[in-house]
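Some notes on the structure that comes next.
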Amino acid sequence: MNIQRRGQAGTMQSSDLMVIVEPAEALAIEIESTVKKQFEHLIRARIEAVLARHGAERLRVSINDRGALDYAIEARLTTALQRAGGLS
Amino acid sequence: MIMQLTSRPDIAAARALIEHNGLRFEPAFDALYGVHDDGELIAVGARAGNVLKMLTVAAARRGGSLLGEVVSALVADGLNAGCATLFIYTKPALAHSFEALHFTPLAACAEAVWLEFGHGLRHWLAAQQTLRRPGANGALFLDSLTLAEAAARQIPVAAQRVDHLYVFVAGDAAWNELLPLARQASRGVGNAVVVDGGPYRNGEAVPGYFLPADAPLARLRAELDATVYAAHLAPFFGIVRHFANGEPDCTHAILAAHGIQPAAIPSANRSTSRGGNR
């Protein structure tokens, strides 16, 4: 699955996150989070799981997290991928 | 709930909120968003091009999620509008509020801080990797139509004085008029490299809403642009000499502090007679 354009979802309010995906040569995941020290590895794992499920490899994912839970991460990323034309 | 403000009463309320909080309302914007509570406007912010501005939260409502709500709406609006990156200019004392929302400081002076959403500068530099050249390099900017033709004529002369000369093309006229001019002037100059200057010479877009009415906006704009150039672009491209093209004198000290020697663009006739000494 390749995305065709930039897609964005979410907000920077507490307990939410903003996800931006854009086409790239290879997969790159950037995470900024209020709980980065404690939970970056878990956020990354969740992102990678969603991307793997959709076969998304050539994109940059920028995460601006304000303490979102797993289900929010998954929902926001899926929406951003849809808006980027990567999911039918 | 946040919403776009388009009606006259909403815009008037936004102006009142902004001015009541010691800021100035600037009517030039592409989008204006606000949050109401019980009919009262309690938070507002605007986007003008790639700049978010006039971000204001009513004093009694600060400390919660309102700023994040407004910034989120403006960022989403800007991305949907096709902005490659988004900036905020604010007072130094308030920069931390935006850093908490994942804005990265790019440059600062006594009166203002320039912040960018995310890490656009890092990505932009990475995208320029193939244009990097070794050596003690120089640069000049073509970003003003009035000065561009004269500057373009000096590209071959300036290029004699450095290992490689970067010709940065920036500004509103960059693509239609300046880029062809830069390419034509650089043709046959083996060590000249034309670079899309990207969004990091943004001075004309710096808003003044948070500054006193008599603030030296032109100097401030030039200083912020020069700082980003000197601190980030120049080291990446190995630039040690900058051929001035109408930049104000206040930028010279900034360049010098970063090891960049300001130089006047040499006159073609004079330089030819001196053999293009470096």
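First the proteins, then the strands, lettered A, B, ... as listed; each starts at 1.
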Derivation and outcome, side-chain contact (heavy atoms from CB on, under 4.5 Å), residues B:Phe103 and A:Glu32: CA-CA 10 Å; B:Phe103 279 76; A:Glu32 295 293 339; over 6 Å; no
Residue pair B:His123, A:Arg60: steps toward the side chain to side chain donor-acceptor pair (under 3.5 Å) verdict: CA-CA 10 Å; B:His123 299 151; A:Arg60 180 165 63 222; 3.3 Å; yes
Criterion side-chain contact (heavy atoms from CB on, under 4.5 Å) on B:Val75 and A:Gln8, from CA distance to verdict: CA-CA 9 Å; B:Val75 167; A:Gln8 174 270 334; 5.7 Å; no
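Looking at B:Ala100, the atoms closer than 4.5 Å to chain A (heavy atoms on both sides) sit in the backbone and in the side chain alike. Contacts of A:Asp65 with chain B are made by backbone atoms alone, with heavy-atom separations under 4.5 Å and no side-chain atom involved. Of the atoms belonging to B:Ala84, it is backbone heavy atoms, and not side-chain ones, that fall under 4.5 Å from chain A.
Within the 4.5 Å cutoff, the side chain of B:His102 has no heavy atoms near those of the A:Glu30 side chain. Looking at heavy atoms from C-beta onward, B:Glu69 lies out of side-chain contact with A:Met12 at the 4.5 angstrom threshold.
B:Glu204 CD: 12 or fewer foreign heavy atoms inside a 6.0 Å radius. A:Glu57 CD: 12 or fewer foreign heavy atoms inside a 6.0 Å radius. Annotation: A:Glu25, atom CD; neighbour count of heavy atoms from other residues, nucleotides and ligands within 6.0 Å does not exceed 12.
Put simply, of A:Arg6, A:Arg5, A:Met18, the one with the most heavy-atom pairs under 4.5 Å next to chain B is A:Arg6.
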